[in-house]
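I have placed the structure first, in the form of structure tokens, so that the comments after it can refer back to it.
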Amino acid sequence: MSYHGGVVIIASWNVNSIRARLEHVTTWLKSRQPDVLLLQELKGTEFPADAFRDLGYEAVAVTQKAYNGVAILSRSPIKTVSTALMGDEADSHARFLETEVNHIRIVNIYLPNGNPPGSENFAYKLAWMDRLERRMRAWRTSEIPVLIGGDFNVIPEDIDCHKPASWIHDALFQPEPRGRFRTMLGLGYTDAFRTLHPTEAGQFTFWDYFRQAFSHNRGIRIDHFLLSPPLAVKLVSCVIDKGPRALEKPSDHTPIVVELDL
DNA sequence: ATGTCAGTCGTAGACTGA
């Protein structure tokens, strides 16, 4: 499939263990047939590349034991550009994968959660965002268009959670990460979902497992696609597919799907 | 503080992270 003159579908899904969610992911791939799927929270060193190859997807995965882990599946060849976020040689978390697929820079991120606020985890999150911002500045000057997708672990605005009061003590809602997210938009990147649905409340990508959060739609929008200007003008649709969150044994996140007419 | 789920270590259930 060529991206020239066609519609490309790119999806992102934090699966909370690829081993526990393999059936969900393969079933979803067969029904939705995205060109590219970004996965986060693989949670283990084993990655079932064969299962995806059988469905026509090439895969590149960055994994570690027990935690984190990101992968990109694609029906077109993937050129791996970087498997780590520049700026801290000591950072060994599997949270970043930069690739080139059909002349688009596709970057998959699993941004640190950072809870609780004020902790070492929180400082790591902010530093990680600063490092990402530096890359995003650098990418602006290159020819190739950029899509950054994944679990940002940031609730951008009050409209992106069911009730701000219940998130004010959470790292995902603090002014510092939210400010950094706004800075990224200020660099010229477009939040694909919010741009197409500027006032739509109750649109979430994550719901806690506790207290029937999903059935009450008490969630947050933390999985995002950011597009550089040449891709933003080709944005056709961006939707959240709540289907997989309603299945038995779901991930706490559900897929977000963006459509670009290139 | 609570709630639930997945992985680890190591064979039960406490622990960590989310």
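A note on names: the letters A, B, ... follow the listed sequences, proteins ahead of strands, and every chain is numbered from 1.
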Inset, instruction - Under 4.0 Å between any heavy atoms, over every strand shown, what does A:Y110 touch: base, sugar-phosphate, or nothing? Just pick one. - result: sugar-phosphate

Inset, instruction - Please figure out whether A:G114 or A:T45 has its closest DNA chain B nucleotide nearer the 5' end. - result: A:T45

Legend entry - Residues in side chain to side chain contact (heavy atoms under 4.5 Å, CB included) contact with A:Q33, at least two apart in sequence or another chain: A:R75

Inset, instruction - Give DNA chain B the dot-bracket treatment, 5' to 3': Watson-Crick (N1-N3 with N6-O4 or O6-N4) or G-U (N1-O2, O6-N3) under 3.5 Å, [ ] crossing, | other strand. - result: ...((((((...))))))

Inset, instruction - Would you check if A:R221 and A:F206 make a side-chain contact, meaning some heavy-atom pair closer than 4.5 Å? - result: no

Legend entry - Side-chain H-bond candidate by donor/acceptor type, A:H253 with A:D223, under 3.5 Å: yes

Legend entry - Sugar-phosphate, base or nothing in reach of A:R218, heavy atoms under 4.0 Å: nothing

Inset, instruction - Respond yes when some side-chain nitrogen or oxygen of A:R211 is under 4.0 Å from OP1 or OP2 of B:dC5, and no when none is. - result: no

Legend entry - B:dG10 versus B:dA6 - spacing of their P atoms, nearest Å: 22 Å

Legend entry - Nucleotide nearest A:N121 (side chain, heavy atoms from C-beta), chosen from B:dT8, B:dA18, B:dT16: B:dA18

Inset, instruction - Provide the distance between the two P atoms, one in B:dT2 and one in B:dA14, to the nearest whole Å. - result: 15 Å

Legend entry - B:dT4 OP1/OP2 closer than 4.0 Å to side-chain N/O of A:K249: no

